[in-house]
Enquirer: 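So that we are looking at the same thing, I have put the structure below in structure tokens.
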Amino acid sequence: MAEYITTFNNIVNNILGAEGPVFDKDGNFFMVAPEIEKNGKPAGQILKIDVNSGKVEVICEPNVNNNGGIPAGCQSDKHGNLYVADMRLGILFVKPNGEFQQVAVTDSNGQTMQGCNDCIMDNDGNLWVTAPAGEIAPSPYKRSFEEAFGSIYCLTKDRTVIRVDTGFRFPNGIGMIHCKDGQPSKLIVAETPTRLLWSFDIQAPGVVNNKAIWGQLPDCGCESGPDGMDLDEKGNLLVAHWGSGYIEVFQPEGGQPIKRIKCPFDKPSNIHFQPNSNVVYVTEHTNHGLWKFQWENKGMPQFCEQ
């Protein structure tokens, strides 16, 4: 397997649990600090970062009924609003001024929402979300690392929350493949403990079939697994391999990685292309930092860019 050699540039460190990198339509950059606590309770933050100076601005600290959030993943709509996957609060809608609301406490079947981790928006504006935690606050905090109760949701454009599938061990990063006509065609979900990437064929918002193993990350002989991911314009999927010190690159058909990108840290957590650019931003849990590097292709345009 070829190793891609590039230079990583550090932007900022000490963002506890650094995750959720995303650009909005105006080029503003956001990420989250999920591991912040106050008085022993979650008090995660949603942050705006000046990627040139490294200046950090706290947009909000989500809290619902005195239950602090653990924000973990972000996506932007076409109006500069953020959708945030939160391990304690489910799905949040966050305005640019920091005002936020909890989107739902139950799904379309009346079941209590599970805590969420990462999200991706398809070209039609539907949000697909991984949910590796137990029921949202005020229920006790649980994670599906050992017991396979993790789920996948779809938040449709009309704000209906559909539980797409369940029975995963910590579903984590999530990616979306579209057809040449721009229609969403395949969902890719990372299952961290097994190192597997699962695929589903998309039939409609919140409706999938043909679940299959799409790819698997190599065994690096230590605790590791797939975390966040992003696509380049050629359809290659770049996957943060937490614990290995690498970003794995898969061809559009999946299978085994075709290239590896060596990182100057062991725990890459998530990746996101700068719009209309081959610059990739990487969050990581070794230094709890944000870095960037240049890839050989530009990123695949996302919903907010179109």
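The analysis underlying the following values was restricted to heavy atoms, covering all of them including side chains, and did not include hydrogens, waters or symmetry mates. Just so you know, residue 1 is the first one in the sequence shown, and it goes up from there.
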Enquirer: When you measure from the side chain of Glu284 to the backbone N and O of Thr286, does any donor-acceptor pair fall under 3.5 Å?
Expert: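 Such a contact is found between Glu284 side chain and Thr286 backbone.
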Enquirer: Ignoring hydrogens and geometry, is there a side-chain-to-backbone donor-acceptor pair from Asn9 to Trp291 under 3.5 Å?
Expert: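 No, because the side chain of Asn9 does not come within donor-acceptor range (under 3.5 Å) of the backbone of Trp291.
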Enquirer: Taking it one step at a time, do Arg195 and Ser224 satisfy side chain to side chain contact (heavy atoms under 4.5 Å, CB included)?
Expert: CA-CA 7 Å; Arg195 294 182 285 105; Ser224 71; 4.1 Å; yes
Enquirer: Rounded at 0.5 Å granularity, tell me how far SG in Cys74 sits from NE2 in His272.
Expert: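 Nearest 0.5 Å value for the SG-NE2 distance: 10.0 Å.
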Enquirer: Is it the case that more than 12 heavy atoms not belonging to Gln306 sit under 6.0 Å from its CD atom?
Expert: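 Yes - once you tally the heavy atoms of other residues, nucleotides and ligands closer than 6.0 Å, there are more than 12.
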Enquirer: Is there a path of hydrophobic side-chain contacts, each under 4.5 Å between heavy atoms of I/L/V/M/F/W/Y residues, joining Val164 to Leu127?
Expert: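 No, no single cluster joins them.
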Enquirer: Between Asn236 and Pro252, is any pair of side-chain heavy atoms under 4.5 Å apart?
Expert: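 Touching, per the 4.5 Å side-chain cut-off.
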Enquirer: Go through Ile202 and Met176 one step at a time and tell me if the side chain to side chain contact (heavy atoms under 4.5 Å, CB included) criterion holds.
Expert: CA-CA 10 Å; Ile202 298 172; Met176 177 70 59; 3.3 Å; yes
Enquirer: Work out which heavy atom in Cys154 is nearest to a heavy atom in Pro205; give both atom names and the distance.
Expert: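 Heavy atoms of Cys154 and Pro205 come nearest at SG-C, 4.1 Å.
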Enquirer: For the backbone of Asn67 and the side chain of Asn65, can you confirm whether one donor and one acceptor N or O come within less than 3.5 Å of each other?
Expert: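 Here the side-chain-to-backbone pair does not exist.
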Enquirer: Using 30° and 60° as the class limits, which term best fits the ring planes of Phe250 and Trp214: parallel, tilted or perpendicular?
Expert: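 Plane angle between 30° and 60°, so tilted.
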Enquirer: Verify, without hydrogens or angle tests, whether Asn117 (side chain) and Thr130 (backbone) share a donor-acceptor contact under 3.5 angstrom.
Expert: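 Checked: no pair found.
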Enquirer: Are Leu237 and Trp242 connected in the hydrophobic side-chain network, where two residues link if heavy atoms are under 4.5 Å apart?
Expert: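 Different hydrophobic clusters.
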Enquirer: I want to check something: taking the side chain as every heavy atom from C-beta on, are Arg88 and Tyr141 in contact at a cut-off of under 4.5 Å?
Expert: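 Yes, at least one pair of side-chain atoms sits under 4.5 Å.
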Enquirer: Do Ile15 and Ile11 share a hydrophobic cluster, counting only Ile, Leu, Val, Met, Phe, Trp and Tyr and linking them when any side-chain heavy atoms are less than 4.5 Å apart?
Expert: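 Per the 4.5 Å side-chain linkage, Ile15 and Ile11 are co-clustered.
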Enquirer: If you draw the axis of the six-membered ring of Tyr246, does the NZ or CZ of Lys262 fall within 45° of it and under 6.0 Å from the ring centre?
Expert: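 Yes, Lys262 lies over the aromatic ring of Tyr246.
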Enquirer: Locate the shortest heavy-atom distance separating Met87 from Ala133; write the atom from each residue and the value.
Expert: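 The answer is O-CB, 3.6 Å.
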Enquirer: Testing the basics here: between Ile91 and Cys116, what is the closest heavy-atom pair and its distance to 0.1 Å?
Expert: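 Here Ile91 and Cys116 meet closest at CG1-SG, 4.0 Å.
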Enquirer: Do Asp158 side-chain atoms and Thr160 backbone N/O form a donor-acceptor pair below 3.5 Å?
Expert: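 Yes.
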Enquirer: Heavy atoms only: give me the nearest Trp128-Gly206 pair and the separation to one decimal.
Expert: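 Of all heavy-atom pairs spanning Trp128 and Gly206, the closest is CH2-N, 3.3 Å.
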Enquirer: Could you state the interatomic distance from CD (Gln294) to OG1 (Thr7), rounded to the nearest 0.5 Å?
Expert: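 Spacing of CD (Gln294) from OG1 (Thr7) equals 9.0 Å.
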Enquirer: Any chance you could measure Cys60, atom SG, to Ile46, atom CD1, to the nearest 0.5 Å?
Expert: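 Between Cys60 SG and Ile46 CD1, I get 3.5 Å after rounding to 0.5 Å.
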Enquirer: Are Phe23 and Val94 linked, directly or through other ILVMFWY residues, by side chains that come within less than 4.5 angstrom of each other?
Expert: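 Each belongs to a different hydrophobic cluster.
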Enquirer: Any side-chain heavy-atom pair from Leu231 and Ile188 closer than 4.5 angstrom?
Expert: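 Not in contact.
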Enquirer: If you count the non-hydrogen atoms of other residues, nucleotides and ligands that lie under 6.0 Å from NZ in Lys95, is the total more than 12?
Expert: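 No, because the 6.0 Å sphere around NZ of Lys95 holds 12 heavy atoms or fewer from other groups.
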Enquirer: Taking atom CG of Asn28 and atom OG of Ser76, what is their separation to the nearest 0.5 Å?
Expert: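 Reported to 0.5 Å precision, the distance equals 9.0 Å.
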Enquirer: Can you check whether Asn270 reaches Met31 side chain to side chain, under 4.5 Å on heavy atoms?
Expert: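 In short, these two side chains do not touch, never coming nearer than 4.5 Å.
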Enquirer: Looking at Phe303, does the NZ or CZ of Lys157 lie under 6.0 angstrom from its six-membered ring centre and within 45 degrees of the ring axis?
Expert: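 Checked: cation-pi criterion not met.
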Enquirer: Can you establish whether the number of heavy atoms outside Lys234 located under 6.0 Å from its atom NZ is more than 12?
Expert: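 Not more than 12 within 6.0 Å, no.
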Enquirer: How close do Cys220 and Gly243 get, heavy atom to heavy atom, and via which atoms?
Expert: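 That closest heavy-atom pairing would be SG-O, 4.4 Å.
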Enquirer: Answer yes or no: is there a side-chain heavy-atom contact under 4.5 Å between Ser144 and Arg169?
Expert: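 Contact flag for Ser144/Arg169 side chains = no.
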Enquirer: Say you draw a straight line from CE of Met113 to CZ of Arg163; how long is it, rounded to the nearest 0.5 Å?
Expert: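 Spacing of CE (Met113) from CZ (Arg163) equals 8.0 Å.
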Enquirer: Between Gln102 and Ile136, does a side chain to side chain contact (heavy atoms under 4.5 Å, CB included) hold up when you go through it step by step?
Expert: CA-CA 11 Å; Gln102 189 177 35; Ile136 57 174; 3.6 Å; yes
Enquirer: Using the side chain to side chain contact (heavy atoms under 4.5 Å, CB included) rule, pick out the option among Leu187, Ile162, Val129, Thr166 that qualifies with Ile152.
Expert: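 Testing Ile152 for a side chain to side chain contact (heavy atoms under 4.5 Å, CB included) against Leu187, Ile162, Val129, Thr166 leaves exactly one candidate, Leu187.
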Enquirer: Hey, any chance Met1 and Ile261 share a hydrophobic cluster, counting ILVMFWY side chains that come within less than 4.5 Å of each other, even indirectly?
Expert: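 Shared cluster, no.
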Enquirer: Hey, are the side chains of Trp295 and Ile247 touching, using non-hydrogen atoms and a 4.5 Å cut-off?
Expert: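 They are not in side-chain contact.
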Enquirer: Using the ring of each side chain (for Trp, its six-membered ring), is Phe29 parallel, tilted or perpendicular to Tyr281, with breaks at 30° and 60°?
Expert: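 Phe29 vs Tyr281 ring planes: tilted.
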Enquirer: Taking Ala18's backbone N and O only, do any of them form a donor-acceptor pair with His285's side chain (distance below 3.5 Å, no angle check)?
Expert: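 Side chain of His285 to backbone of Ala18: a pair is present.
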Enquirer: Looking at Ala85, is its backbone amide N or carbonyl O close enough to the side chain of Gln75 to form a donor-acceptor pair, meaning the two atoms are under 3.5 Å apart?
Expert: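 No.
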Enquirer: Could you tell me whether a side-chain N or O of Glu61 sits under 3.5 Å from a main-chain N or O of Ala43, the two making a donor and an acceptor?
Expert: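 No; zero donor-acceptor contacts below 3.5 Å.
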Enquirer: Between Asp232 and Lys298, is there a side-chain N and carboxylate O pair less than 4.0 Å apart?
Expert: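 A salt bridge is absent here (no side-chain N lies under 4.0 Å from a carboxylate O).
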Enquirer: Is the shortest heavy-atom distance from the side chain of Leu197 to the side chain of Pro226 under 4.5 Å?
Expert: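 Touching, per the 4.5 Å side-chain cut-off.
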Enquirer: Spell out, as yes or no, whether a donor-acceptor pair under 3.5 Å connects the side chain of Asp86 to the backbone of Ile70.
Expert: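 Yes, because the side chain of Asp86 sits within donor-acceptor range (under 3.5 Å) of the backbone of Ile70.
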Enquirer: Quick one, Phe100 and Ile59 - any side-chain contact, counting heavy atoms below 4.5 Å?
Expert: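 Phe100 does not reach Ile59 side chain to side chain.
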Enquirer: Give every residue pair that meets the ring-ring contact (aromatic ring centres under 6.0 Å, His included) criterion with at least one member in residues 53-83, sequence neighbours excluded.
Expert: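 Found Tyr83-Phe93.
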Enquirer: Taking atom OG1 of Thr6 and atom NZ of Lys292, what is their separation to the nearest 0.5 Å?
Expert: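 Answer rounded to 0.5 Å: 11.5 Å.
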Enquirer: Answer yes if the side chains of Asn209 and Gln203 hold a donor-acceptor pair under 3.5 Å, and no otherwise.
Expert: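 Short answer, yes.
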Enquirer: Using atom types as modelled and distance alone, determine if a side-chain donor or acceptor of Tyr153 lies under 3.5 Å from a backbone N or O of Gln114.
Expert: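 Looks like yes, one N/O pair under 3.5 Å.
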Enquirer: Minimum heavy-atom separation for Ala190 to Asp227, with atom names?
Expert: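 Smallest interatomic distance, heavy atoms only, reads CB-O, 3.9 Å.
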Enquirer: For Asn123 and Gln183, what are the C-alpha separation, side-chain angles and deciding distance, and is it a side chain to side chain contact (heavy atoms under 4.5 Å, CB included)?
Expert: CA-CA 7 Å; Asn123 286 351; Gln183 290 301 304; over 6 Å; no
